[in-house]
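Quick caveat, the model's predicted, so the values are computed rather than measured. Read the numbers this way: they start at 1 and go in the same order the structure lists the ligands and their atoms. For reference, positions follow the sequence shown, starting with 1.
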Amino acid sequence: MGEPEPSRLVEEILALGEVFRGEVAPLKDEQELRAAQARFLGKKGSLSELMKRMGSLPPAERPRVGEAANRVKQLIEEEVARKLLRISALRRKRDLERLVDVTLPGRTTPNGHLHILTQVRRELCAIFAELGFEVATGPQVETDFHNFEALAMPADHPARDMQDTFYVGDGAGTLLRTHTSPVQIRTMLTRKPPLAIIAPGVVYRRDDDPTHSPMFTQLEGLCVDKGIRMSDLKGVLLHFVQRFFGPGLGLRFRASYFPFVEPGAEVDMRCSFCHGARSDCRLCKGSGWLEIGGAGMVDPRVFEQVGIDATAVSGFAFGMGLERMAMLRHGIHDIKLAYEGDLRFARQF
Ligand code: DAH
């Protein structure tokens with residue numbers, strides 16, 4: 001082979017323009033067009049390949065080849081610009097022609113809502129607020145004194161066994177509170193009667209089954225004033241039951257023992273599902289009653305611990321489980337559902 005012929009090289013270069021136009025004619029997409037452009041003008045593209053041959057031409061011939069290369073480059077770039085215009089016009093036309101179904105439902109961002117336990121807590125606070133109760137709070141990490149001792153449960157009291165808990169630090173004086181009753185103590189240590197408070201809050205116990213969780217929520221109530229009687233307690237709880245579970249539901253007190261009240265009672269309400277009419281009722285198991293909490297008249301020993309004169313005032317107290325209130329009201333069978341965060345559960349309330 002002899003020297004490359006300058007005019008052949010120029011022809012080949014100029015021919016690239018036509019080849020390019022032919023190749024991109026059917027393309028309808030910017031990306032493909034850019035890829036074709038790179039195949040022709042890129043560093044390893046067809047034009048560069050041809051230009052490599054320029055090196056073996058006599059210097060006098062090179063300018064012609066260079067000129068041809070510039071021309072074809074310009075040609076290809078113009079073709080790309082033209083094609084791009086056509087592609088975007090086509091796209092706009094297609095957009096305009098697309099059928100839009102204006103009756104389709106819009107895309108919504110789902111709104112969250114309050115958890116069932118938050119809803120129940122707020123509702124209970126509102127119901128007791130109607131009767132003049134204030135909301136009080138206390139720490140979840142408590143002292144033995146507030147949680148047990150001042151509530152008439154000294155160190156070796158057997159009632160402590162029912163509230164086995166989690167001890168913090170060296171295990172002696174500090175623990176996760178087992179009930180909200182210590183808020184009674186904290187309130188009476190800092191304020192004097194007349195008092196009417198409720199204390200919602202998280203409590204902890206060594207318990208774990210479908211109706212008991214090691215962490216759960218209670219609502220405590222305390223009312224202290226001159227001449228407070230058990231009938232006041234009953235009236236307040238009756239108001240609560242009828243507001244929260246439905247009008248007409250009755251209450252009964254069963255004598256029971258809690259060290260910090262005397263007399264003490266377990267409180268049942270009429271079964272909100274069968275009203276005591278069905279021996280096969282699944283909610284009340286045919287008993288006609290549902291237990292809702294403990295209550296009683298504040299024991300004089302408790303008043304003594306907090307420096308209140310038990311001959312001058314009297315008081316009642318009650319405590320109930322918030323989860324139990326939610327479960328009874330909505331027929332929830334497993335307390336764990338309230339903590340799992342499963343949206344299929346959360347969305348039902
Ligand atoms: N603190 C008790 C418990 O968790 C519940 C209770 C019973 C609270 C009687 C009271 C009460 O205020 O008077 O088992």
Side-chain angles (χ1 to χ4, degrees), residues 124 128 131 133-140 142-154 157-166 175-188 193 195-207 211-224 228-238 240-241 251-269 290-303 305-306 308 310 313-325 335:
L124 294 192
F128 285 103
L131 298 172
F133 284 80
E134 289 173 58
V135 174
T137 55
Q140 292 176 30
E142 258 302 1
T143 66
D144 187 279
F145 172 76
H146 293 91
N147 194 83
F148 289 129
E149 193 84 33
L151 289 162
M153 279 184 270
H157 198 288
R160 286 198 182 201
D161 290 352
M162 295 190 329
Q163 299 193 0
D164 209 357
T165 185
F166 302 93
L175 46 92
L176 298 185
R177 66 179 180 191
T178 57
H179 50 178
T180 42
S181 303
V183 184
Q184 291 187 34
I185 303 301
R186 289 184 175 273
T187 304
M188 290 190 284
L195 285 173
I197 57 117
I198 47 165
V202 174
V203 302
Y204 303 85
R205 289 203 199 165
R206 216 179 124 261
D207 272 340
T211 51
H212 295 89
S213 152
M215 188 198 86
F216 61 107
T217 323
Q218 285 189 334
L219 183 105
E220 190 81 13
L222 172 72
C223 176
V224 184
I228 294 290
R229 300 180 303 180
M230 200 143 182
S231 53
D232 297 313
L233 168 63
K234 202 159 184 180
V236 163
L237 291 179
L238 196 62
F240 149 68
V241 161
L251 268 191
R252 79 175 181 187
F253 282 18
R254 273 179 294 119
S256 184
Y257 174 70
F258 300 97
F260 40 93
V261 281
E262 181 59 38
E266 282 187 65
V267 185
D268 298 341
M269 69 174 192
L290 297 167
E291 189 185 324
I292 59 168
M297 300 305 290
V298 179
D299 193 294
R301 285 175 305 169
V302 174
F303 283 140
Q305 293 279 349
V306 295
I308 288 179
V313 292
S314 53
F316 66 74
F318 60 86
M320 54 194 165
L322 269 182
E323 286 83 353
R324 183 158 170 81
M325 296 304 107
I335 193 171

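Within the structure, the closest approach of Glu262 to ligand 1 does not fall below 4.0 Å when heavy atoms are considered. Using a 4.0 Å cutoff on heavy atoms, Gln218 counts as a contact of ligand 1. No heavy atom of Phe316 sits closer than 4.0 Å to any atom of ligand 1.
Interface of Arg205 with ligand 1, defined as ligand atoms under 4.0 Å from a residue heavy atom, comprises 3 (C), 4 (O), 14 (O). Contact atoms of ligand 1 toward Ala317: 12 (O), 13 (O) (distance under 4.0 Å to a heavy atom of the residue). Counting atoms of ligand 1 from 1 in the listed order, those under 4.0 Å from a heavy atom of Gly294 are 7 (C), 9 (C), 11 (C). Atoms of ligand 1 found under 4.0 Å from any heavy atom of Phe258 (numbered from 1 in listed order, with element): 7 (C), 9 (C). Short contacts between ligand 1 and Ser181, defined as distances under 4.0 Å to a heavy atom of the residue, involve ligand atoms 1 (N), 8 (C). Those atoms of ligand 1 with a heavy atom of Gly296 less than 4.0 angstrom away are 13 (O). Proximity to His179 (heavy-atom distance under 4.0 Å) selects the following atoms of ligand 1: 1 (N), 2 (C), 4 (O). Residue contact check: Glu220 has heavy atoms under 4.0 Å from atoms 8 (C), 10 (C), 12 (O) of ligand 1.
Residue Phe318 has at least one nitrogen or oxygen atom sitting less than 3.5 Å from a nitrogen or oxygen atom of ligand 1, judged on distance alone.
Heavy atoms of Met297 found under 4.0 angstrom from ligand 1: none, in either backbone or side chain.
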For Phe318 and Phe128, run ring pair (Phe, Tyr, Trp, His ring centres under 6.0 Å): C-alpha distance rounded to whole Å, both residues' side-chain angles, the deciding distance at 0.1 Å, then the answer.
CA-CA 12 Å; Phe318 60 86; Phe128 285 103; 5.3 Å; yes
